[in-house]
Amino acid sequence: MSEHNAFSNKLKDIYQSLFCQQWPALTGGILLGLLSILILAWSRPWGIVGGIRNWADWLFYGIGVFSEKPMNAFLHSSSVMDMGLILGAFASALMAKEFALRIPPKIEIIKGIIGGILMGVGSSLAIGCNVGAFYSPLINLSASGFPMMAGLIIGAYIGLRCILWELERFPPETTGFVATKKEQQKGFDWKASQPWFGTLIFISLVVWAYLYGSLAYTQIGGLLLFGTAFGVVLQRCRFCFVRAFRDPFMTGEAGMVGAVAVSTVIGSVGVAILKWNGFRNESVYVVPAFWWGGLIGGIIFGIGMVIAGGCGSGTLWRVAEGQLKLWIALFVFAASNSLMTAMLHYSGWRSKLGSAIFLPDFFGWSGSLILILFVLFVWYMILFWNEETNKFTII
Amino acid sequence: MSEIKSDETLDARGLSCPMPLLKTKKAIEKLASGQVLEILGTDPGSRNDLPGWAKRMGHEYLGDTEDEGFIRFYVRRK
């Protein structure tokens, strides 16, 4: 075998191991935990909702509903992370030849709209979605992550009840259709060329980030690439917070619960190191939603994410895969969050959602980490036990 | 693999997680033991979800084949 062949075979090997198989959920959990530490070390914690709200704010500003001009979407840190996430997941889906426009039947479109409204309202009350109000706050040692977690569990249960009701009312039949492969008739094999487009997008993202750097927005450029990395990991693992909260009631499976728990613990240790040493301000992502904003917001968001079939992060990577139901859900989610947030702001309710509590102020640094570890361990153990016994499974 | 005879077909194309799985569960309950359900789907996640679920439930997952823009999955009821 020539040297050139050995080289290209190795490249093919790497490609196949990265993009031809789904990565295990636990791998995703570990990677997300590490990325969450690195992104805070670089600039700020991982978040989703701020960015998509910025996009909806622009829409409402454009049609004259809002008078205040929103921040430039290309300089808004959360917005740029979201762009990176969607494009990263898009490139990743193309690399894996998993991109296709998936056109949902009518009832799914309605569910996308209802789920989107609920997610928008819930994330407004909780001041974040599953990422910005549960995952990132817990990692950042904010007490608000706990009521949000409780809310998401309750909400996922109610949401699943809604879906089961729908299945009773509209039993399975021949539904849905799919975009046909018109491309092939034109003699162009779209599916086989997807990885080339994926590669092109990855290269463009790097160039784009470099441009930020050359315009002295290096930090924003870095966030674009962090978003890309989050997108790739989420898409390759099909990492799904909805699954962690819903599946224990549905199939009993607790695999995603373990992945989320491990991820949160890894992240919280890393962030504690950054904050304890004073590299980052203690108050970063200590969200003033403890406790009722988090709890009520969590319940509403939890119902919405199960009906929509995607949470904050899950909606974005599914959008990138071409799932039109989630495109609708994302649009409505962003719009309803924008309106609800404006309403909370102008009515003065935003300050009444709860208080900002930094766990180490009450439990000390090690006490806080032990508390997080303990809660997540108990959560996982109960659901692991449920996996064996199906005690909480309702289908 | 290419010649699996199915007794019923469930069209879950265009549906996203968790609907293909829930509809499969409902549909397979209507079959008799040993009968085969064919599921048409477009969600890449089903490739992992359906075999995992079938294994947990004790059904036999017979495999999947790629068709024009969708995937055919086969599950035999326990």
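Just so it is clear, the model here is predicted, and its values are computed rather than measured. Order of the sequence lines sets the chain letters (A, B, ...), proteins ahead of strands, with each chain counted from 1.
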- [ ] Go through the atoms of A/E166 and report whether side chain, backbone, both or neither lie under 4.5 Å from a heavy atom of chain B.
- [x] side chain

Open item on the list: For the CZ atom on A/F331, are there more than 12 heavy atoms of other groups (residues, nucleotides or ligands in this structure) within a distance under 6.0 Å?
Closed with: no

Open item on the list: For A/Q194 and A/E98, which I'm curious about, is there any donor-acceptor pair between the side chains at under 3.5 Å?
Closed with: no

Open item on the list: Taking B/R47 first and then B/D64, would you say they form a salt bridge - that is, a charged N and a carboxylate O separated by under 4.0 Å?
Closed with: yes

Open item on the list: Check this for me, if you would: do A/R246 and A/E253 make a salt bridge, where the nitrogen-to-carboxylate-oxygen distance has to be below 4.0 angstrom?
Closed with: no

TODO: Look at the rings of A/Y157 and A/F249 and say which category their plane angle falls in: under 30° parallel, 30 to 60° tilted, over 60° perpendicular.
DONE: perpendicular

Task: B/M57 portion near chain A, given a 4.5 angstrom heavy-atom threshold - done: neither

Open item on the list: Can you tell me which portion of A/Q21 sits under 4.5 Å from chain B's heavy atoms? Options are side chain, backbone, both or neither.
Closed with: neither

Task: Structural part of A/K97 lying under 4.5 Å from a heavy atom of chain B - done: neither

Open item on the list: So for A/L324, is it side chain, backbone, both, or neither that comes closer than 4.5 Å to the heavy atoms of chain B?
Closed with: neither

Open item on the list: Report which part of B/L40 has an atom under 4.5 Å of a heavy atom belonging to chain A: side chain, backbone, both, or neither.
Closed with: neither

